[in-house]
There are 2 protein chains.
Amino acid sequence: MFGNNRLRALDRRESMRLLAKAPVGRIVYTRQALPAVLPVNFAVDTGGSVVLRTAADSDLVRAVDGVVVAFEVDDYDAEAQTGWSVVVTGRADVVTDAAEHERLARTGPRSWVAGRNGVFVRIHSEIVTGRDIVAAAEDGAGDAS
Amino acid sequence: MFGNNRLRALDRRESMRLLAKAPVGRIVYTRQALPAVLPVNFAVDTGGSVVLRTAADSDLVRAVDGVVVAFEVDDYDAEAQTGWSVVVTGRADVVTDAAEHERLARTGPRSWVAGRNGVFVRIHSEIVTGRDIVAAAEDGAGDAS
């Protein structure tokens with residue numbers, strides 16, 4: 001029944017599984033004292049970290065290097081009013097180690113946009129949370145909150 | 001060609017048109033001094049404001065009432081590496097006017113989750129930005145940045 005679905009928390013393992021299969025996520029940060037958000041393609045790397053690629057001189061790099069950011073992925077079915085989302089929260093750092101940069105240049109993500117392949121940014125998955133909205137009929141018991 | 005697409009800015013009118021057709025967006029805010037993001041269904045209301053519905057006692061309401069937040073919608077084609085995103089930035093307020101609440105209760109959005117229909121939150125679209133990643137072949141000229 002519409003408007004009657006239920007929310008469930010996802011554990012870290014399930015959240016990481018969903019994160020790994022999403023092609024695009026959204027990096028959430030602060031830019032000039034305002035909340036900011038930017039969708040980007042990415043890869044999941046060692047330790048469950050999120051790696052994305054962007055121009056070395058981008059506003060994004062200036063805003064996120066060395067600070068805690070959030071990174072969100074989701075998928076939903078608007079008809080059934082169901083879906084899931086996963087949020088990783090942790091420190092973002094530009095990858096400065098040359099060997100690490102080399103490895104990521106071979107195996108890591110590549111920006112969809114020309115001229116944006118200067119640096120890799122790694123987000124450490126310090127906090128991982130996930131939630132799932134399931135149809136009421138699929139969820140026998142439990143409170144909605 | 002992959003990794004060779006181009007970024008374009010969308011004007012406010014085109015951004016608002018895309019916003020209005022998205023079923024789900026993501027509210028971006030600060031919770032306990034950390035960046036936070038939550039996907040929600042919503043409606044576009046008077047003056048291009050974004051209205052969503054949630055529980056009156058939710059963490060979201062406590063975190064966003066009276067403060068500037070961002071609200072993001074997007075859509076993309078991972079195969080073609082193209083897509084668009086729109087971000088609205090502005091002050092969020094719980095709707096406290098009784099007549100306004102009544103009107104929105106009849107015509108406004110309804111939470112997908114049971115028990116979350118306590119209050120409406122309005123985000124004023126003070127800043128509206130949009131961007132579009134288009135295939136290189138579709139975009140004859142111009143710089144990628």
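Throughout, protein chains are lettered first and strands after them, A, B, ... in sequence-line order, and every chain is numbered starting at 1.
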Report task. Would you kindly confirm whether A/Val69 and A/Ile127 end up in one hydrophobic cluster when ILVMFWY residues are joined by side chain heavy atoms under 4.5 Å apart? Result -> no

Query - Pairs where residues 75-97 of chain A contributes a residue and the test ring-ring contact (aromatic ring centres under 6.0 Å, His included) is met, not counting sequence neighbours - result: none

Report task. Establish whether A/Val73 and A/Leu60 are linked, either directly or via other cluster members, by ILVMFWY side-chain heavy-atom contacts under 4.5 Å. Result -> yes

Query raised in the report: Are B/Val61 and B/Phe71 grouped together when hydrophobic residues (ILVMFWY) are joined by side-chain heavy atoms under 4.5 angstrom apart?
Result: yes

Query raised in the report: Which pairs with one or both residues in residues 113-135 of chain B pass ring-ring contact (aromatic ring centres under 6.0 Å, His included), sequence neighbours excluded?
Result: B/His101-B/Phe120

Report task. Residue by residue, scan residues 37-56 of chain B and write down, ordered by number, those that have a heavy-atom distance under 4.5 Å to chain A; if none do, write 'none'. Result -> B/Val37, B/Leu38, B/Pro39

Query raised in the report: How would you list, in number order, the residues of residues 9-32 of chain B that have a heavy atom less than 4.5 Å from chain A?
Result: B/Pro23, B/Val24, B/Arg26, B/Val28

**Report entry** Exercise: identify the closest heavy-atom pair between A/Arg116 and B/Leu7
**Finding:** NH2-CD2, 3.6 Å

Query raised in the report: Given that the side chain runs from C-beta out, which part of B/Asp77 has a heavy atom under 4.5 Å from chain A: side chain, backbone, both or neither?
Result: backbone

**Report entry** Shortest non-hydrogen contact from B/Thr82 toward A/Trp112
**Finding:** O-CZ3, 3.6 Å

Query raised in the report: In terms of hydrophobic clustering (I, L, V, M, F, W, Y; side-chain heavy atoms under 4.5 Å; direct or indirect links), are A/Leu34 and B/Leu34 co-clustered?
Result: no

Query raised in the report: If Ile, Leu, Val, Met, Phe, Trp and Tyr residues are connected whenever their side-chain heavy atoms lie under 4.5 Å apart, and connections chain through other members, are A/Ile123 and A/Val94 in the same group?
Result: yes

